Amino acid sequence: MSFIVTSIDYVLNWSRANSLWPLTFATSCCGIEMMQTVASDNDIARFGSEVFRGSPRQADLLICAGTITYKMAPVLQRLYEQMAEPKYVIAMGACTCGGGMFAETSYSVVNGIDKIIPVDIYLPMCPPRPEALLDAIRKLQDKIKHESLTKRKEFIASHELKLVDEEGILVNKGENNGLG
């Protein structure tokens with residue numbers, strides 16, 4: 001019986017890994033590099049990800065590229081929650097991963113989207129080249145191919161760090177950005 005379950009798990013993971021449908025959340029200069037990844041020079045279509053979805057209900061990969069402010073945090077969290085399971089996140093750019101150059105000087109920048117949503121792959125460059133995004137997608141595909149659904153649920157459950165509550169109101173803003 002375990003052979004059948006393992007085989008089904010392998011086929012499902014293979015199909016998920018090779019047909020990632022990204023949802024774009026580009027707020028600044030990293031978005032330009034993400035657009036370049038779709039162009040013919042880099043051709044993200046080799047990975048089954050050529051069609052960027054306009055609706056979170058049709059996407060299973062959120063590529064968050066650029067600076068995230070506290071004003072944008074509820075929108076990002078809402079989009080993530082509207083995506084179908086299993087869903088994956090790539091944090092693209094230094095500002096997305098940890099606040100970047102605004103981490104210590106700006107009161108309005110979230111110091112890493114991992115305070116809002118769980119992140120699978122971090123891509124901390126300023127801005128990352130299209131080749132780096134393609135490499136991050138390859139690493140995410142390898143991760144998907146070797147995971148089980150129960151471990152995925154444990155990963156999501158362990159990242160219940162919400163910066164925004166159910167009503168879209170910021171919680172713990174002072175603790176997350178150094179303000180009192």
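Just so it is clear, the model here is predicted, and its values are computed rather than measured.
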Please report the shortest heavy-atom distance between Ile68 and Met72, naming the atom on each side. CG2-CB, 4.4 Å
Calculate, to the nearest 0.5 Å, the distance between atoms OG1 and CD belonging to Thr37 and Glu131 respectively. 8.0 Å
CD1 (Ile90) and CD1 (Ile113) are apart, to the nearest 0.5 Å, by 10.5 Å
Should the pair Arg138-Asp135 be classified as a salt bridge under the 4.0 Å nitrogen-to-oxygen rule? yes
Quick check: closest heavy atoms across Ala132 and Pro128, and the distance to 0.1 Å? CB-CB, 4.3 Å
Chi angles and distances behind the side chain to side chain contact (heavy atoms under 4.5 Å, CB included) call for Tyr88, Lys143: CA-CA 10 Å; Tyr88 306 95; Lys143 183 178 180 178; over 6 Å; no
When rounded to the nearest 0.5 angstrom, what is the spacing between CD1 in Ile63 and OG1 in Thr96? 11.5 Å
Backbone N or O of Tyr80 within a donor-acceptor pair of the Lys87 side chain at under 3.5 Å? yes
Restricting to non-hydrogen atoms, name the atom on Arg129 and the atom on Glu33 that form the minimum distance, rounded to 0.1 Å. CA-OE1, 4.0 Å
Looking at CD of Gln82 and CZ of Arg78, how far apart are the two atoms once the value is rounded to the nearest 0.5 Å? 7.0 Å
May I ask you to decide if Val109's main-chain N or O and Thr69's side chain share a donor-acceptor pair within less than 3.5 Å? no
For Tyr107 and Tyr70, the nearest pair of non-hydrogen atoms, with its separation, is O-CE1, 3.5 Å
Is it possible for you to say whether Ile116 and Val75 belong to one hydrophobic cluster, with membership spreading through side-chain heavy-atom contacts below 4.5 Å? yes
Atom CE of Met83 and atom CD of Gln58: how far apart are they, to the nearest 0.5 Å? 11.5 Å
When the side chains of residues 97-105 are checked against the rest of the protein, which donor-acceptor pairs come out under 3.5 Å, sequence neighbours left out?
none

Got a sec: does the NZ of Lys139 have more than 12 other heavy atoms crowding it under 6.0 Å? no
Working to the nearest 0.5 angstrom, can you tell me the gap between Leu123 CG and Leu140 CG? 11.5 Å
Under 3.5 Å, side-chain donor or acceptor atoms of residues 20-32 against the rest of the protein: list the pairs with distances, not counting sequence neighbours.
{"unit_1": "Thr27", "atom_1": "OG1", "unit_2": "Thr67", "atom_2": "N", "d": "3.1"}
{"unit_1": "Thr27", "atom_1": "OG1", "unit_2": "Thr67", "atom_2": "O", "d": "2.7"}
{"unit_1": "Ser28", "atom_1": "OG", "unit_2": "Thr67", "atom_2": "N", "d": "3.2"}

Minimum heavy-atom distance Trp14-Lys145, with the two atoms named: CD1-CE, 4.4 Å
